[in-house]
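Read the structure below first, then the notes.
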Amino acid sequence: MHYEVVIIGAGMSGLAAGVRLAHFGRRVLIVEKHTVWGGLNSFYKKGGHHFDVGLHAVTNWLRPGYRGPRVPLQRIYRQLRIKPEQFALEPQTQSSVRFDDARLRFTNDLEVLQSEVRALFPQQIDGFMRLCARCATYPEAKADTPFVSTRQVLAEYLSDPLLIDMLLCPLMFYGSAMQEDLDFEQFIILFNSIYREGFCRPQRGVKQILEVLIDKYEAAGGQMRRRCAVQSIVVKDGLVNELVLSTGDSVTADVVLSSAGLVETWNLRSDVEYNDMQQHAGQLAFTENLWVLDKDPKDLGFDDCVTFFNKGPKFRWSAPEEPVDLSSGVICVPGNYAHAEPLDRHLIRATHLANPRTWFEADEPQYRGTKQHYIEGSLQTVSDFAQDLTPHVVYTDGFTPRTVTHFTGHENGAVYGSPHKLKTGQTGVDNLFLCGTDQGFVGIVGAMLSGIAMANQYGLTTKGAA
Amino acid sequence: MTDNEVRKLVLDIIHDIAPDEDLSDVKADVRLRDQLDLDSMDFLDIVMELRKRHQIEVPEDDYMELSTLDGCVTYLSPKFNGKATA
């Protein structure tokens with residue numbers, strides 16, 4: 001069968017790209033290797049509970065009545081022809097960055113963070129206000145801007161290493177594929193997405209967003225095949241000639257958009273013998289644990305929507321030596337968002353950096369034992385912030401880098417992908433492009449923007465008919 | 001097609017692209033981008049919707065013609081009426 005566009009992966013970027021293309025009448029097929037859509041932001045059911053895979057927060061909260069320079073969520077609503085009430089995003093109440101000696105609260109009003117900084121770091125407030133002004137507009141999306149070290153730039157505005165690390169902590173977790181530092185353009189995007197616009201969450205979790213995208217896609221004639229993995233991207237004469245599928249058949253396409261990832265896409269290409277992108281494989285992976293409790297976490301002392309924490313003298317954003325680095329992490333309480341209806345479960349989640357190698361190299365008993373050990377350790381770490389949660393746990397689940405790779409195919413379970421992004425999406429094969437994490441933007445909003453941009457640029461031309 | 005019909009058609013497209021914009025007071029001789037919150041991506045979508053809904057092609061060099069409602073009417077009417085008589 002021939003399609004105008006085949007999209008590899010039914011995650012947020014693939015689905016958003018599909019919606020754009022199908023809306024304008026392109027014959028599109030999305031192939032997804034998993035049984036369910038969503039990719040890194042999927043969902044599952046276990047022990048009678050429904051869980052979201054990756055969702056702590058949707059960034060870039062758009063407050064009703066906002067007027068001003070175009071912001072990401074407006075772009076998404078317009079480009080995908082979606083009404084805000086369809087995603088039903090509801091804002092956060094508050095979040096915090098908690099290091100040993102300091103806690104900075106922040107909300108969807110940047111002024112709250114500014115007054116926290118003024119109170120805790122009075123010598124730094126002038127520099128911080130200048131930094132906020134510096135980040136006031138999003139950088140223009142340009143392909144080949146050279147890397148600018150955020151740590152170097154921040155040194156021009158701030159002199160307190162604790163404040164610098166505290167400000168970077170949420171941005172790294174939400175997220176940076178690069179260790180220790182990040183490109184300053186990325187810093188601006190994440191600063192605005194997290195501190196200026198802020199967090200929100202759909203009432204029904206990630207399914208709410210996925211259902212809107214899928215319904216729109218299919219209503220516009222988009223086709224999807226699940227349990228259908230691409231086994232080979234056959235390249236001939238510099239063009240994708242066909243896609244060989246795990247279902248035993250092949251499809252052809254004028255254009256292929258791959259959300260599989262940089263290294264992963266290169267692995268599928270028939271014209272790549274030695275994968276020279278392998279050196280760029282993402283090294284930052286995570287474990288994530290979820291606990292269903294018998295009480296509202298707020299009543300147990302957890303009043304943040306999201307807590308980014310670091311214990312110890314230095315905040316290190318790097319692949320740990322040990323299987324899980326419990327000294328830092330993210331704690332999320334979905335029930336603390338300003339939802340119109342209370343959620344049907346009391347849930348608390350914790351994420352920590354993990355060493356992919358130990359998880360992939362472990363044999364089955366080692367894997368289970370290590371997983372159990374670190375879930376318990378994580379619960380203790382979380383409990384340190386308020387009170388022992390152990391007596392309140394009704395159900396526990398967790399996933400490791402291996403879980404992520406198993407279900408999404410992303411190498412090393414590196415959810416933010418490779419530190420080496422292809423900002424143009426161009427692969428060198430004239431009709432094969434990347435979208436999603438390795439094209440440049442991360443998170444739910446980032447992925448949708450990526451899918452939209454790549455679909456617009458490579459799947460839709462305004463010159464001439466389809 | 002009358003001028004009013006062309007105007008309505010263009011406003012329908014804009015309403016679809018930017019449902020939160022108040023279109024009741026749009027002045028026909030003032031640039032749309034000066035009255036409404038529309039940027040270049042939105043304009044590209046207007047062009048693509050013209051093709052999708054009405055099979056009308058607008059080459060990139062002609063985008064300028066669509067900057068006001070009056071401009072849209074002047075530019076698009078012949079294209080609609082050309083279709084009708086084809």
Side-chain angles (χ1 to χ4, degrees), chain A residues 4-5 16-17 19-28 62-87 89 137-138 140-141 212 216 219-222 448-466, chain B residues 8-27 30-67 69 71-72 75-76 78-80 82-84 86:
Chain A
E4 288 172 273
V5 185
V19 169
R20 276 301 281 177
L21 295 166
H23 175 79
F24 286 111
R26 296 301 184 273
R27 196 167 137 69
V28 202
L62 177 65
R63 51 187 168 74
Y66 169 80
R67 282 320 249 194
R70 191 60 52 82
V71 287
L73 214 41
Q74 279 179 316
R75 172 75 65 219
I76 289 170
Y77 289 147
R78 285 204 178 182
Q79 288 281 297
L80 300 182
R81 311 284 194 270
I82 284 171
K83 296 187 180 40
E85 47 272 29
Q86 289 178 273
F87 280 174
L89 294 170
T137 45
Y138 282 96
E140 252 184 66
V212 172
K216 264 207 166 306
M448 285 195 276
L449 283 176
S450 171
I452 289 166
M454 294 299 101
N456 285 350
Q457 201 160 347
Y458 302 118
L460 300 173
T461 48
T462 52
K463 302 183 175 80
Chain B
K8 178 171 191 318
L9 215 126
V10 172
L11 287 173
D12 278 348
I13 290 177
I14 295 176
H15 176 70
D16 217 52
I17 288 169
D20 41 336
E21 289 295 314
D22 180 1
L23 302 181
S24 52
D25 247 329
V26 174
K27 295 181 180 52
V30 177
R31 273 180 15 126
L32 289 162
R33 288 169 79 153
D34 294 337
Q35 308 178 67
L36 303 169
D37 186 13
L38 296 172
D39 67 7
S40 48
M41 268 181 111
D42 299 320
F43 261 85
L44 280 180
D45 266 24
I46 292 173
V47 169
M48 288 199 286
E49 288 290 343
L50 282 168
R51 186 201 301 149
K52 174 185 172 180
R53 298 177 190 206
H54 306 292
Q55 293 77 54
I56 292 203
E57 294 294 336
V58 182
E60 195 172 335
D61 291 340
D62 292 351
Y63 289 174
M64 292 289 298
E65 311 292 334
L66 304 178
S67 47
L69 263 189
C72 289
Y75 182 80
L76 295 171
K79 293 205 178 234
F80 278 111
K83 270 176 50 192

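Each chain gets a letter, A, B and so on, in the order the sequences are listed, and its residues count up from 1.
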Check: A:Lys216 side chain, A:Arg81 main-chain N or O, donor-acceptor pair, under 3.5 Å |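 At least one qualifying donor-acceptor pair exists.
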Is it true that a side-chain atom of A:Arg26 and a backbone atom of A:Arg20 form a donor plus acceptor pair closer than 3.5 Å?
->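 Looks like no, no N/O pair under 3.5 Å.
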Using a cut-off of under 4.5 Å on heavy-atom pairs, state which of B:Asp39, B:Asp16, B:Asp20 scores highest against chain A.
->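 If we count pairs closer than 4.5 Å to chain A, B:Asp39 comes out on top.
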Partners of A:Tyr77 by ring-ring contact (aromatic ring centres under 6.0 Å, His included), sequence neighbours excluded?
->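 If we apply the ring-ring contact (aromatic ring centres under 6.0 Å, His included) test to A:Tyr77, skipping adjacent residues, the hits are A:Phe87.
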Measure distances from B:Leu38 to the heavy atoms of chain A and classify the residue's part below 4.5 Å as side chain, backbone, both or neither.
->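 Both parts, backbone and side chain.
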Considering only heavy atoms and a distance below 4.5 Å, find which of A:Gln74, A:Gln79, A:Arg70, A:Lys83 pairs most often with chain B.
->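 Most heavy-atom pairs within the cutoff with chain B belong to A:Arg70.
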Are any non-hydrogen side-chain atoms of B:His15 and B:Glu21 less than 4.5 angstrom apart?
->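 No - every pair of side-chain heavy atoms lies 4.5 Å or more apart.
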